[in-house]
Engineer: 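Take this structure, written in structure tokens, and hold onto it; I'll ask about it next.
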Amino acid sequence: METFSKETTAYERASKRVKELKEFYGNLTSFCIVIPFLALLNIITAPGYLWFLWPMLGWGIGIAFHAVNIFGIGKNWEEKKIKELMDQERGKTKTL
């Protein structure tokens, strides 16, 4: 029974990770399609003022934070904390 529970938990965690990656890559793909379109539109309609840089900057910062959350510091801390809390729970149930 415990093996099934561990497998289910591992599957749920992997499924959540795949969903997060899919969302990140979808966001990045949208950025790579929309920003060049905005740049072209800007250059055609108002070449004297490059306003497309503002959405590019804002969206780019958002993607950077998303990337750090998915691939960076946030995950290691989160996984360590989950493991710590699970170990604490196991300790409580063994002592009861």
Side-chain angles (χ1 to χ4, degrees):
M1 184 74 170
E2 187 174 321
T3 304
F4 178 74
S5 177
K6 286 181 182 179
E7 288 177 13
T8 303
T9 303
Y11 176 81
E12 289 172 355
R13 207 174 312 142
S15 178
K16 180 183 176 198
R17 178 77 175 153
V18 167
K19 182 181 177 199
E20 290 172 347
L21 287 169
K22 186 178 175 184
E23 290 172 354
F24 171 75
Y25 287 121
N27 192 4
L28 184 61
T29 301
S30 297
F31 178 84
C32 291
I33 292 170
V34 172
I35 294 301
F37 173 75
L38 290 176
L40 183 64
L41 183 66
N42 180 193
I43 291 168
I44 290 171
T45 60
Y49 177 65
L50 299 178
W51 55 260
F52 82 93
L53 295 173
W54 297 111
M56 183 177 76
L57 179 66
W59 199 349
I61 290 170
I63 287 176
F65 280 116
H66 198 173
V68 167
N69 189 29
I70 297 295
F71 302 110
I73 300 165
K75 284 296 164 194
N76 291 335
W77 176 86
E78 186 177 326
E79 302 235 353
K80 285 179 186 177
K81 195 65 176 174
I82 289 171
K83 185 178 183 316
E84 177 187 323
L85 292 171
M86 289 175 68
D87 289 344
Q88 286 178 357
E89 281 297 315
R90 284 189 198 116
K92 285 181 184 177
T93 57
K94 286 182 182 177
T95 57
L96 293 176

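Throughout, residue positions are numbered sequentially from 1 according to the sequence presented. Keep in mind that this is a model prediction, so the values were computed, not measured.
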Engineer: Can you name the closest pair of heavy atoms from Ile70 and Arg17 and give their distance?
Structural biologist: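 Minimum heavy-atom contact is O-NH1, 2.7 Å.
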Engineer: I'd like to know if Val34 and Leu57 are part of one continuous hydrophobic network [Ile/Leu/Val/Met/Phe/Trp/Tyr, side-chain heavy atoms within less than 4.5 Å].
Structural biologist: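 Yes, same cluster.
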Engineer: Kindly indicate, with the supporting measurements, whether the criterion side-chain contact (heavy atoms from CB on, under 4.5 Å) is fulfilled by His66 and Asn27.
Structural biologist: CA-CA 9 Å; His66 198 173; Asn27 192 4; 3.6 Å; yes
Engineer: Ignoring hydrogens and angles, write down the donor-acceptor pairs under 3.5 Å from the side chains of residues 47-54, residues two or more places apart or on other chains.
Structural biologist:
residue: Tyr49; atom: OH; partner: Trp54; partner atom: NE1; Å: 2.9

Engineer: Not counting sequence neighbours, which residues clear ring-ring contact (aromatic ring centres under 6.0 Å, His included) with Trp59? List them please.
Structural biologist: Phe31
Engineer: Please name all residues satisfying ring-ring contact (aromatic ring centres under 6.0 Å, His included) with Phe65, sequence neighbours left out, ordered by chain then number.
Structural biologist: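 Scan of Phe65 (ring-ring contact (aromatic ring centres under 6.0 Å, His included), adjacent residues dropped) gives none.
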Engineer: Roughly how far, to the nearest 0.5 Å, is CE of Met56 from CD1 of Ile61?
Structural biologist: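 That separation rounds to 10.5 Å.
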Engineer: Output all residues satisfying side-chain hydrogen bond (donor to acceptor under 3.5 Å, both in side chains) with Tyr11, sequence neighbours left out; order by chain, then residue number.
Structural biologist: none
Engineer: Can you say whether the rings of Tyr25 and Phe71 are parallel (under 30°), tilted (30 to 60°) or perpendicular (over 60°)?
Structural biologist: tilted
Engineer: How far does OG1 of Thr9 sit from CE of Met86, to the nearest 0.5 angstrom?
Structural biologist: 6.5 Å
Engineer: Under a single-linkage rule joining Ile, Leu, Val, Met, Phe, Trp and Tyr whose side-chain heavy atoms are separated by less than 4.5 Å, which residues share a cluster with Leu40?
Structural biologist: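 Joined to Leu40, directly or through intermediates: Ile44.
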Engineer: How long is the gap from CG on Leu38 to OG1 on Thr45, to the nearest 0.5 Å?
Structural biologist: 10.0 Å
Engineer: Can you list everything that forms a salt bridge (charged side-chain N to carboxylate O under 4.0 Å, His left out) with Glu12? Sequence neighbours excluded, please.
Structural biologist: none
Engineer: Quick check for you: to the nearest 0.5 Å, what is the distance between Asn69 atom CG and Phe24 atom CZ?
Structural biologist: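 CZ of Phe24 is found 10.5 Å from CG of Asn69.
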